Amino acid sequence: MNQSFNVQGMTCGHCERAVTQAVKTLDPQATVSIDRASGKVAVDSSQPREAIAAAIAEEGYSVAP
């Protein structure tokens, strides 16, 4: 299922890798696409939206609804 998140606080490549790794830890088969400039993170995963948002938030980023 393709889901989109607005993530605040990503400022560099390390941030992108941290968000990607957080999602992939939850679902190793997930596909993650990040547009850092707009703060958009697209995730194709079978995991629930809440679980993905929580995994990103645990890395220290704000996830807007």
Side-chain angles (χ1 to χ4, degrees):
M1 161 181 353
N2 203 351
Q3 305 174 68
S4 182
F5 300 87
N6 292 317
V7 179
Q8 313 297 301
M10 294 184 298
T11 59
C12 63
H14 177 267
C15 296
E16 290 182 21
R17 285 189 300 277
V19 169
T20 300
Q21 190 60 41
V23 174
K24 291 223 176 239
T25 297
L26 184 64
D27 179 1
Q29 304 303 316
T31 302
V32 182
S33 176
I34 297 175
D35 180 353
R36 187 185 336 147
S38 68
K40 300 283 185 196
V41 177
V43 179
D44 188 5
S45 171
S46 60
Q47 293 296 313
R49 180 176 181 80
E50 299 78 23
I52 296 170
I56 295 171
E58 282 180 20
E59 289 298 317
Y61 301 97
S62 174
V63 182

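Here the structure is a predicted model, which is why all the values come from computation and not from measurement.
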Pair listing, salt bridge (charged side-chain N to carboxylate O under 4.0 Å, His left out) test, anchored in residues 53-65, at least two apart: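 Listed once each, the pairs would be none.
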Which atom of [X] lies closest to which atom of [Y], heavy atoms considered:
| X | Y | answer |
| --- | --- | --- |
| Ala18 | Tyr61 | CB-OH, 4.0 Å |
| Val41 | Val32 | CG1-CG1, 4.1 Å |
| Val23 | Ala30 | CG1-CB, 3.8 Å |

Qualifying side-chain hydrogen bond (donor to acceptor under 3.5 Å, both in side chains) pairs with a residue from residues 38-54, counting only residues at least two apart or across chains: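 Found Asn6-Lys40, Asp27-Ser45, Asp35-Ser38.
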Spatial distance of atom NE2 (His14) from atom CD (Gln21) [nearest 0.5 Å]: 10.5 Å
The single option from Val7, Thr20, Leu26 passing side chain to side chain contact (heavy atoms under 4.5 Å, CB included) against Ile56: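 Testing each of Val7, Thr20, Leu26 against Ile56, the sole residue satisfying side chain to side chain contact (heavy atoms under 4.5 Å, CB included) is Val7.
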Test item: Asn2 and Val43 side chains (from C-beta on) under 4.5 Å apart, heavy atoms: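 Counting from C-beta outward, Asn2 and Val43 never come under 4.5 Å.
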Contacts of Glu16 that satisfy side-chain hydrogen bond (donor to acceptor under 3.5 Å, both in side chains) - sequence neighbours left out: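 Result, side-chain hydrogen bond (donor to acceptor under 3.5 Å, both in side chains) vs Glu16: Arg36.
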